[in-house]
Every structure is written in C-alpha cells, then in structure tokens.
Amino acid sequence: MLEKDVEARGLWSSKFGFILAAAGSAIGLGNIWRFPYTTGQNGGGAFLVLYLICIILLGLPIMIAELAIGRHSRRDPVGAFEVIRPGSPWKLIGYMGVTTGICILSYYSVLAGYTVGYIGKSLAGNSTSYEAFTSNPLVSIPLFLAFIVITVLVVQGGVKNGIERWARILMPTLMVLLVILIIRSITLKGAGEGLAFYFKPDFSKVTGSTVLAALGQAFFSLSLGMGAMITYGSYLSKDDNLVASGCYVAFFDTLIAVMAGLLIFPAIFAMNMSPDEGPGLVFKVLPRIFGLIPGGRIVGAFFFILLSIAALTSTISLLEVVTSYLVDEKHWLRRKAVWIVAAVTFLLGLPAALSQEGMVPWLAKLPGLGTSFLGFMDWLFGNIMLGIGAVFIAIFTGWVWKKEISSKELREGFPGFDRIAPVLFFLLRFFCPVVILIVLFFIFKAGV
Ligand code: TRP
C-alpha cells in the first residue's frame with residue numbers, strides 16, 4: 001500500500017495514542033466485572049497465579065502476532081489473511097473474528113447498559129437490588145440501546161479523532177479513582193481475610209475448569225482471538241515497536257484487573273458476603289463500599305461513569321473490527337457501516353437483555369444448558385470462539401506466514417527482535433496451539 005493511502009485509511013497520532021486506545025480496548029468490564037467474579041468462583045489466589053501465567057505465555061505471543069498481522073497487511077481481519085495468503089481458506093478466521101465481534105458486542109452492551117443505569121441509581125441512593133434492577137426491561141433495554149448508539153457515534157468519527165481522543169483522557173482517570181477506592185476497601189475491618197483469599201494461592205482448589213476459566217479470561221481481557229488487535233495494529237506506524245507496545249497493553253490491562261480484585265475481595269470479606277456470587281458480584285459489592293465513604297453517592301456515580309467509559313472504549317474496538325471489514329472489503333461508507341452493524345447488534349442483544357431471572361423463563365435458563373442466554377453467549381463467544389481464534393492465529397503466524405516476512409515486520413521499530421525471536425516462535429508454534437487445544441478439548445468435555 002502506498003504511504004499516502006495508509007495515511008488516508010487512518011493511523012494513530014502517536015505511539016502513546018495507540019497504547020491508550022489498545023489498552024482502552026483491553027480494559028473494560030472484563031477487568032472490573034468479569035475478572036473479580038471469575039476469580040471469586042475459582043478459589044481466589046490460585047486462579048490469579050494461573051491467570052498471570054496465561055497472560056504471559058499465551059496472551060502476549062498472540063497479541064504480538066495479531067499486531068504484526070495487522071500492521072503488515074494494513075487491513076481488517078478478513079483482508080489481513082487474504083493479503084498474506086491470497087485465495088486461501090485462512091480468511092475464514094477473519095470472518096469468524098468479525099462474527100464473534102458482533103456477538104460479544106451484543107451481550108457486552110447489555111451489561112454496559114446496566115453500568116450506565118448504576119450511575120443514576122448511585123446518585124439517587126436507590127437501593128433496588130441488582131436482580132430487580134436488571135430484570136426490568138423498561139430500564140435495561142433503553143440503556144442497552146443508548147449504549148450502542150453512543151458507541152456508534154464515537155466509531156463514526158474514525159480512528160484518530162474518535163477513539164484515541166476519548167481513551168487519552170479517560171483511562172488515566174479510571175486508574176486514579178481505583179486507587180482511592182482500594183485504599184478504602186483494604187482499610188475496612190476484616191479486610192485481611194479478603195487479601196489472604198486473593199493473594200494466598202491454595203492450589204488444592206485447582207481443577208481443569210479453573211485452568212479453562214483462566215485461559216478464557218486472559219484472551220477476553222486482552223481482546224484477543226478475534227482480530228481486534230489485528231485491526232488496531234493495522235493503524236500502527238512502522239516506527240512502533242510491536243513487542244514493546246504489546247507488553248505495555250498487557251501490563252496495563254493486567255494491572256487494572258489485579259487492582260479490581262484488590263478493591264473487591266477485601267470488601268467482600270469485610271462485609272461477610274460470599275466471593276462466588278457469580279455475575280452480579282461487582283454490582284452488589286460496590287454500592288456497599290460507596291455507602292461507607294463520605295459523599296458515597298457522588299463517588300459511586302463517578303465510579304460507574306468511569307466504568308461505563310472503560311466499557312465504551314471496549315465496545316468501540318468490537319464495533320471497529322466489524323466496521324473496518326465493511327469499509328475495507330465491501331467499500332461501504334463508514335457512516336452506513338456503523339449504523340447497520342448497530343441495528344444487527346441490537347437485535348442480537350435483545351434475548352440477552354431479556355435473560356435475567358424473572359423475565360423470559362426459557363432465556364433465563366436455557367433448556368438443557370442450565371445457564372442464561374447471556375451466560376451462554378459469554379461462554380460460547382467470550383471463551384470458546386476466542387480460544388479457537390487464538391489457536392489459528394498462533395498456527396498461522398508460527399507455521400503458515402513465512403518466517404522471514406513476519407520477522408521483518410517485527411524487526412521494524414524493534415531492531416533487536418532477533419534476540420527474542422526464538423522464544424516467540426517457540427511459543428507460537430508449539431506451546432500456544434498445544435496448550436489451547438488441550439484446554440478447548442476439556443471445555444467441550446465439561447460442557448457449558
Ligand atoms: N477486553 C475487553 C474487556 O476486558 C472486551 C473486549 C473488547 C474484547 N474487544 C474485545 C474481548 C475483543 C474479546 C475480543 O472488557
């Protein structure tokens with residue numbers, strides 16, 4: 001592609017801009033909602049250790065591979081595989097990614113809608129329970145719709161003005177507020193027990209399903225396995241160091257997840273709640289922490305504003321994957337693409353929005369599966385499909401894409417790449433595919 005076409009398509013304004021946007025994609029409800037409740041359900045400390053191992057040995061290599069595929073091809077996920085292996089079935093991985101993107105976006109926006117609702121709920125000091133709040137369709141559906149519309153408005157603005165500008169202000173603010181809240185949480189009476197649960201691993205509790213959960217959470221949290229990082233990498237400049245950028249993004253994402261745990265677990269134990277509440281955990285615990293802080297309503301509202309924004313920088317990346325496909329491959333106007341995708345997402349998300357206990361019974365408990373429609377979507381698309389996508393991305397980068405070319409791509413912006421190349425290629429060729437395939441096998445054996 002010519003230099004001027006690359007610019008016209010869009011580039012990040014700086015290395016820092018990319019890191020913020022990619023960290024914005026990675027940091028979201030996955031860190032603050034999904035990570036704590038999954039850790040709570042899987043025994044605490046031991047899960048944390050497994051999660052960190054998954055991030056470093058599986059997440060990082062795949063992240064670097066996705067960024068390299070994206071920057072090399074300068075295309076959306078479907079186009080990227082087509083550029084590197086023209087006419088081959090590899091572009092199916094791209095189609096799978098685009099589909100997974102819309103599906104995750106649909107239920108993720110439902111949850112993001114709750115987060116927005118909690119802004120008003122905190123401010124009003126309204127004490128409705130999580131269950132009652134989320135099972136009211138007159139609340140959840142309009143909020144869900146509003147969230148999609150906001151996402152569309154940002155993505156319509158394109159890469160530089162839309163996505164980057166938002167991430168730049170909001171992500172640092174979130175971090176500061178988290179620190180303040182953590183200080184409150186760990187100084188509660190009885191917090192020590194929570195810290196022990198979180199930091200003292202008890203490996204006797206580790207089972208196959210703990211490993212599955214850790215792996216799925218690592219991919220979900222880093223936004224891997226469906227081409228989001230291929231898309232974001234496609235707007236990176238050749239001066240950027242892909243390995244270092246990937247490490248920064250993974251570091252910030254992990255930091256925020258670990259901080260979210262540090263906020264939630266001491267409070268859970270101090271308040272005699274149970275850590276294995278499931279998906280409602282964070283929505284139930286946080287308001288109680290705010291209740292203990294002077295000006296708690298305002299602090300609470302502010303926290304949910306920031307959480308909504310963290311969710312927004314994630315939904316933006318999900319929508320951007322699908323949009324970039326329609327713009328790059330189908331030559332649609334960006335404006336048309338975003339609105340049509342939004343409409344499809346809304347329809348796909350409706351059953352998830354109606355799947356809380358007390359709404360539509362068979363959606364709240366899918367026949368034969370025993371989980372809600374939202375839970376099922378998260379299991380299928382947020383775990384399995386990301387795992388499958390990641391296996392193929394590892395195999396593609398390790399075995400199919402010519403090593404001289406991928407190495408050349410990785411060397412741009414990182415002249416010392418050859419020193420780490422053997423480790424990276426070993427992980428991509430052998431370690432990632434084998435480990436993820438074993439884990440997927442066990443997921444299928446275990447069921448939903
Ligand atoms: N990583 C985000 C979070 O933790 C969610 C997300 C955004 C995502 N884009 C993604 C997950 C792409 C998987 C793939 O909340």
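Counting starts at 1 for both ligands and their atoms, following the listed order.
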Contact residues of ligand 1 with a heavy-atom cut-off of under 4.0 Å?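 Answer by chain and number: Ser25, Ala26, Gly28, Leu29, Gly30, Asn31, Ile104, Tyr108, Phe220, Ser221, Ser223, Met226, Ala228, Ser314, Ser317, Leu318, Leu386.
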Can you tell me if CG on Leu92 sees more than 12 non-hydrogen neighbours from other groups inside 6.0 Å?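 Counting other residues, nucleotides and ligands, CG of Leu92 exceeds 12 neighbours.
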Looking at Glu131, I want to see if its CD is surrounded by more than 12 non-hydrogen atoms of other residues, nucleotides or ligands under 6.0 Å.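 Enclosed.
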Which residue in the set Tyr107, Trp339, Phe144 passes ring-ring contact (aromatic ring centres under 6.0 Å, His included) when paired with Phe346?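 One option only clears the test, and that one is Phe144.
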Looking at Glu66, Arg75, Arg9, His72, which hits side-chain hydrogen bond (donor to acceptor under 3.5 Å, both in side chains) with Ser234?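 The side-chain hydrogen bond (donor to acceptor under 3.5 Å, both in side chains) with Ser234 is passed solely by Arg9 among Glu66, Arg75, Arg9, His72.
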Is the Phe35 ring parallel, tilted or perpendicular to the Tyr198 ring (thresholds 30°, 60°)?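 Perpendicular, since the angle between the ring planes exceeds 60°.
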Heavy-atom side-chain proximity of Leu263 to Leu286 below 4.5 angstrom: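 Sidechains of Leu286 and Leu263: in contact.
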